[in-house]
Amino acid sequence: MQKIVRLLSIIFITLLSITFFNAVYISDVPSEKNTADSYTIKALKIPDELTFAGEKVPTELYDIKERMDRELLVNTYWQSNGLLLIKRAHKYFPVIEPMLKKYGIPDDFKYLAVAESGLENNSSSAGAAGFWHFLKSSAKEYGLEVNQNVDERYNLEKATKVAADYLKKSKKRFGTWTLAAAAYNAGNARIARNLKKQQVTDYYDLLLNSETSRYVLRIVALKEVLSYPKKYGFEFEKEDLYTSPTTRTVKVDTVITNIASFAKGFNTNYKELKLHNAWLRENKLNNKSRKLYKITIPIK
């Protein structure tokens, strides 16, 4: 009996060893398939004519061509982010476009909002907030209410008006919309100092920090990809795109002691009301000054 058990053990160990060495050998054999069989990463052709707000992007300059290539590659091959931006643009561009037209700002500046926030009511690590990413100090300077209870940087209509005022002021100071866009990122004072120091008058002739050097070209790349998504490999159906729900506006000039209760009174709930009114930062509206606010109510 012991001999049989010993023999079976030897056979088992032998079979196990053969299996192990076969597994090692197979794993070391290179696969016949290459990544290129299922996925191809292509160099992009930079369009001959690229513009921002009607102003030409000088891609004939070698450094501008290389920087433009970088932004197109990043915004094409970060596919998940690109597809999300395409979906959000379908929802929010119809809201932003008429406001830019109303305030006298070129339509291309809607892509600045994309570059700033990705078309979300979010905040940056530096504390800039809303679709247009205003710092608290700048928002207050231009008349927005910013406190613990109300933060109008998250009010798309009011923030767009402030962005328009800032951009028009910069355009008047520097003469081009391209420099106005750069100043939106770096500040008017910094752009003015660099223009004077480097003795140039054009954004594309400036040597700036990495962020501002990329800023305008990133906006142009977003414009190109979002304007011609299928050209850059993005495939989707119309029903894949996001749309805005139907809403109505309620004017309020009194205190709201409880936002959740207020929402119930309009056949909605706290979450839905706050999603449509991100500028309401608490579960109440203090409004001691009896200011007139417009609250967006979703219609189910």
Side-chain angles (χ1 to χ4, degrees), residues 87-107 109-114 116-124 127-169 184 241-300:
K87 291 183 175 189
R88 291 179 196 144
H90 188 263
K91 180 178 182 179
Y92 291 110
F93 277 0
V95 179
I96 295 172
E97 288 165 351
M99 287 193 285
L100 291 176
K101 184 177 181 180
K102 175 183 176 181
Y103 301 134
I105 301 298
D107 188 69
F109 276 93
K110 64 192 179 189
Y111 301 104
L112 185 148
V114 179
E116 285 290 339
S117 65
L119 298 178
E120 289 188 298
N121 255 325
N122 56 27
S123 60
S124 72
F131 268 57
W132 295 94
H133 270 197
F134 278 106
L135 292 170
K136 185 182 294 186
S137 57
S138 300
K140 288 184 174 182
E141 179 185 346
Y142 279 82
L144 291 181
E145 182 180 353
V146 181
N147 54 54
Q148 187 176 347
N149 187 237
V150 169
D151 191 339
E152 291 181 329
R153 293 178 296 173
Y154 294 98
N155 184 312
L156 181 55
E157 183 176 351
K158 291 189 176 184
T160 303
K161 172 65 166 59
V162 169
D165 290 344
Y166 187 96
L167 291 166
K168 282 190 284 189
K169 182 179 177 181
Y184 194 93
L241 304 176
Y242 301 154
T243 57
S244 295
T246 305
T247 62
R248 66 188 181 100
T249 300
V250 172
K251 295 180 179 180
V252 174
D253 63 356
T254 59
V255 172
I256 300 177
T257 56
N258 188 291
I259 296 293
S261 298
F262 177 85
K264 277 189 172 183
F266 289 94
N267 194 34
T268 185
N269 58 42
Y270 179 84
K271 181 193 77 172
E272 289 293 328
L273 192 138
K274 291 295 282 287
L275 286 175
H276 287 84
N277 302 273
W279 54 273
L280 289 167
R281 306 308 292 172
E282 298 181 305
N283 188 27
K284 60 182 178 179
L285 177 62
N286 293 331
N287 203 10
K288 294 179 181 179
S289 63
R290 301 296 296 271
K291 178 179 176 179
L292 181 65
Y293 293 97
K294 294 180 181 179
I295 297 179
T296 301
I297 306 292
I299 299 174
K300 294 186 178 180

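As the structure is a prediction and not an experimental result, all values here were calculated from the model.
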message = Using only atom types and a distance under 3.5 Å, with no angle test, would you say the side chain of D253 pairs donor to acceptor with the backbone of R290?
response = no

request  = Give a yes or no on whether the backbone of N149 and the side-chain of N147 come within a donor-acceptor separation of less than 3.5 Å.
outcome  = yes

request  = Decide yes or no for I96 and L156: does some side-chain heavy atom of the first lie under 4.5 Å from some side-chain heavy atom of the second?
outcome  = yes

key: Side-chain donor/acceptor of N155 to backbone N/O of K158, under 3.5 Å   = yes

task = State plainly whether the residues K161 and D165 are in salt-bridge range, i.e. N to O under 4.0 Å.
result = yes

query = Passes side-chain contact (heavy atoms from CB on, under 4.5 Å), E272 versus N269? Steps please.
reply = CA-CA 6 Å; E272 289 293 328; N269 58 42; 3.3 Å; yes

query = When rounded to the nearest 0.5 angstrom, what distance separates OG1 in T160 from CE in M99?
reply = 3.5 Å

ask   = Do the non-hydrogen side-chain atoms of Y293 and N287 ever get within less than 4.5 Å of each other?
value = yes

message = Take a 6.0 Å sphere around NZ of K274 and say whether it holds more than 12 heavy atoms from other residues, nucleotides or ligands.
response = yes

inquiry  = Evaluate Y166 against E141 for side chain to side chain donor-acceptor pair (under 3.5 Å), listing each step before the verdict.
reply    = CA-CA 10 Å; Y166 187 96; E141 179 185 346; over 6 Å; no

task = Working to the nearest 0.5 Å, report the span between CG of D151 and CG of N121.
result = 9.5 Å

message = Within a 6.0 Å radius of atom NZ on K294, are there more than 12 heavy atoms belonging to other residues, nucleotides or ligands?
response = no

ask   = Should F262 and Y270 count as side-chain neighbours, where that means a heavy-atom distance under 4.5 Å?
value = no

ask   = Taking it one step at a time, do I299 and N267 satisfy side-chain contact (heavy atoms from CB on, under 4.5 Å)?
value = CA-CA 8 Å; I299 299 174; N267 194 34; over 6 Å; no

key: From L144 atom CG to R153 atom CZ, the distance as rounded to the nearest 0.5 Å   = 9.0 Å

key: Distance-minimising heavy-atom pair for P106 and L100   = O-CD1, 4.1 Å

note = Nearest heavy-atom contact between V146 and A139 is CG2-CB, 3.9 Å

ask   = Does R281 reach the main-chain N or O of A278 with its side chain, forming a donor-acceptor pair under 3.5 Å?
value = yes

query = Looking at the rings of F131 and Y92, which for Trp means the six-membered one, are their centres under 6.0 Å apart?
reply = yes

inquiry  = Can a donor-acceptor pair be found, under 3.5 Å and without considering hydrogens, that links the side chain of N122 to the backbone of S117?
reply    = yes

query = Under a 4.5 Å cut-off applied to non-hydrogen side-chain atoms, are Y103 and F109 in contact?
reply = no

note = On a heavy-atom basis, the closest approach of A89 and P94 is O-CD, 3.7 Å

query = Considering residues, nucleotides and ligands other than K284, do more than 12 of their heavy atoms fall under 6.0 Å from its NZ?
reply = no

inquiry  = Using only atom types and a distance under 3.5 Å, with no angle test, would you say the side chain of S123 pairs donor to acceptor with the backbone of G127?
reply    = no

ask   = How far does CD1 of I297 sit from NE2 of H276, to the nearest 0.5 angstrom?
value = 9.5 Å

Side-chain heavy atoms of K91 within contact of T243, under 4.5 Å = no

note = Hits for salt bridge (Lys or Arg N to Asp or Glu O under 4.0 Å) against E116, two or more places apart or cross-chain, chain-then-number order -> none

ask   = When rounded to the nearest 0.5 angstrom, what is the spacing between OG in S138 and NE2 in H133?
value = 13.0 Å

CA sep, side-chain torsions, deciding dist, call: N286, V255, side-chain contact (heavy atoms from CB on, under 4.5 Å) = CA-CA 5 Å; N286 293 331; V255 172; 5.9 Å; no

inquiry  = Does any part of the side chain of F93, heavy atoms only, come nearer than 4.5 Å to the side chain of V114, both counted from C-beta?
reply    = yes

task = Supply the atom-to-atom distance K110 NZ to L119 CG, rounded to the nearest 0.5 angstrom.
result = 10.5 Å

key: Chi angles and distances behind the side-chain contact (heavy atoms from CB on, under 4.5 Å) call for I295, T249   = CA-CA 6 Å; I295 297 179; T249 300; over 6 Å; no

Note: E152-K291 ion pair, threshold 4.0 Å (strictly below) = yes

